[in-house]
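Step one of this worksheet: look at the structure below.
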Amino acid sequence: ETPAEAARYLQIAYPPLDDVQIHLIRASTGERVTHIRTGDTVAFNTRPVSHQDFVARLTMEADSRYLLLIRVQTEGALQAPVRLWQPDAFLQNAQASSALHMMFFGIMGALAIYNLLLYFAVRDSAYLWYVLYLLAFVLSQAALRGFGFQYLWPGAPWFNAVSVTFLLSLSLAAVGFFTHQFLNAPRHSHLWSLVFRFIGWSGIGLAAISLVVPYHTAIGLLLVVVSSGALLALIGACYLWWRGEVLARFYVIAWGIFLSANIAYTVSKAGVIPTSLLV
């Protein structure tokens with residue numbers, strides 16, 4: 001019941017949802033006051049509020065009771081964190097969240113530019129593969145968090161529907177080829193040289209497949225390929241460390257934690273484990 005006329009912002013903070021319907025109904029008469037239909041398969045400019053998440057502005061009259069119904073359908077993991085905001089609190093949170101995300105994207109972009117300059121300076125293709133990995137990973141995060149649809153491809157819902165699996169697959173491909181080059185695999189082991197390149201080509205193949213198969217199929221394949229690829233990369237790096245490759249020790253330490261986190265992240269987005277603050 002609202003003591004006075006009030007405006008609230010309803011936020012559903014999971015951008016990859018396919019179809020979202022919001023119904024605000026006046027309880028006393030059954031009248032539908034507000035009906036909003038949105039989702040990541042609908043052009044971004046149709047959203048009632050320009051925001052990376054699904055946001056609706058609800059206005060309610062004084063001394064009235066309302067029923068709020070939300071219907072969600074999606075091919076991927078069904079995660080629908082819902083929050084009702086006071087207008088001022090919502091705007092403050094949106095500004096703070098956008099600032100943190102832009103800081104992250106800026107840092108990753110600067111890192112990519114730095115490594116690109118290193119590639120031009122020393123002509124070591126490992127730097128180029130690392131740059132490609134950073135770009136694919138950052139774009140996948142932008143897609144997953146709704147910024148890609150908001151700023152980069154707002155008029156292409158067909159690509160937005162496949163962007164997460166497509167870009168994560170490309171990042172896996174870059175990891176495979178980066179590992180192969182960075183660890184000098186051909187010099188130490190013909191077998192692991194083949195394995196690392198196989199990981200890279202698997203990522204490229206999965207990226208192509210993700211454009212034509214249903215999302216739930218693509219995310220299932222991504223889960224299997226990323227998990228097994230990351231595990232194989234770590235095992236191979238440990239072997240090359242044992243064989244005396246100096247750079248392998250840094251790879252195992254630095255990338256071991258990172259690749260493990262990527263596995264947990266991918267598993268979370270596939271709905272196998274629950275989402276937490278960490279994933």
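Below, all heavy atoms of this structure are taken into account, side chains as well, without hydrogens, waters or symmetry copies. As the structure is a computational prediction, the values presented were derived from the model and not from experiment.
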> Checking Arg243 against Trp241: charged group under 6.0 Å from the ring centre and within 45 degrees of the axis?
Replying inline: no
>> Does the Lys NZ or Arg CZ of Arg123 fall within the cation-pi geometry relative to Phe120 - under 6.0 Å from the ring centre and within 45° of the axis?
In response: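 Arg123 over Phe120 ring: no.
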Minimal non-hydrogen separation, [X] against [Y], with atom names:
X      : Y      : value
Ile70  : Val72  : CG2-CG2, 3.9 Å
Val49  : Arg57  : CG2-N, 4.3 Å
Phe137 : Met108 : CD2-CE, 4.1 Å
Val42  : Phe149 : O-CZ, 3.0 Å
Ser169 : Leu206 : OG-CG, 3.3 Å
Ala56  : Ile22  : CB-CD1, 3.9 Å

Drop me the distance from [X]'s [atom1] to [Y]'s [atom2], to the nearest 0.5 angstrom.
X      : Y      : atom1 : atom2 : result
Thr179 : Leu240 : OG1   : CG    : 10.0 Å
Leu58  : Arg8   : CG    : CZ    : 10.0 Å
Gln181 : Trp129 : CD    : CH2   : 9.5 Å
Leu69  : His35  : CG    : NE2   : 10.5 Å
Thr34  : Leu68  : OG1   : CG    : 9.5 Å
Asn160 : Ser163 : CG    : OG    : 4.5 Å

>> Under the criterion side-chain contact (heavy atoms from CB on, under 4.5 Å), I'd like the reasoning laid out for Phe147 against Phe105: C-alpha separation, chi angles, the key distance, then a yes or no.
In response: CA-CA 11 Å; Phe147 291 100; Phe105 294 137; 4.0 Å; yes
> Where do Ile199 and Leu172 land on the side-chain contact (heavy atoms from CB on, under 4.5 Å) test, with the steps shown first?
Replying inline: CA-CA 7 Å; Ile199 293 172; Leu172 174 66; 3.9 Å; yes
Return the orientation label for the [X] and [Y] ring planes: parallel under 30°, perpendicular over 60°, tilted otherwise.
X      : Y      : result
Phe196 : Trp192 : tilted
Trp201 : Phe177 : perpendicular
Phe182 : Tyr251 : tilted

Please examine the side chains of [Y] and [X], heavy atoms only from C-beta on, and report whether any two atoms are closer than 4.5 Å.
X      : Y      : result
Arg83  : Leu10  : no
Asp53  : Pro15  : yes
Leu17  : Asp40  : no
Val226 : Leu168 : no
Val20  : Arg71  : no
Gln150 : Ser50  : yes

Connected via hydrophobic side-chain network under 4.5 Å: [X] and [Y]:
X      : Y      : result
Leu211 : Leu170 : yes
Leu118 : Ile113 : no
Leu67  : Ile12  : no
Leu247 : Tyr130 : yes
Val212 : Ile204 : yes

Under the 3.5 angstrom rule, does the side chain of [X] hit a backbone N or O of [Y] as a donor-acceptor pair?
X      : Y      : value
Glu75  : Tyr215 : yes
Thr41  : Pro157 : no
Ser193 : Ser189 : no
Thr217 : Val213 : no
Ser227 : Val224 : no
His101 : Ser97  : yes
Asp124 : Ala126 : yes
Asn115 : Val131 : no
Ser210 : Ala207 : yes

Taking the ring of [Y] and the ring of [X], is the distance between their centroids below 6.0 Å?
X      : Y      : answer
Phe178 : Tyr133 : no
Tyr66  : His23  : no
Phe90  : Tyr9   : yes

>> Would you say Trp85 and Gln11 are linked by a side-chain donor-acceptor pair, where the criterion is simply a distance under 3.5 Å?
In response: yes
>> Determine whether Val33 and Ile25 satisfy the following criterion, side-chain contact (heavy atoms from CB on, under 4.5 Å), listing intermediate values before the conclusion.
In response: CA-CA 5 Å; Val33 178; Ile25 300 172; over 6 Å; no
> For Val225 and Ser202, what are the C-alpha separation, side-chain angles and deciding distance, and is it a side-chain contact (heavy atoms from CB on, under 4.5 Å)?
Replying inline: CA-CA 8 Å; Val225 175; Ser202 295; 4.2 Å; yes
> Under 6.0 Å from the CZ atom of Phe104, do we count more than 12 heavy atoms belonging to anything else shown?
Replying inline: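 Counting other residues, nucleotides and ligands, CZ of Phe104 exceeds 12 neighbours.
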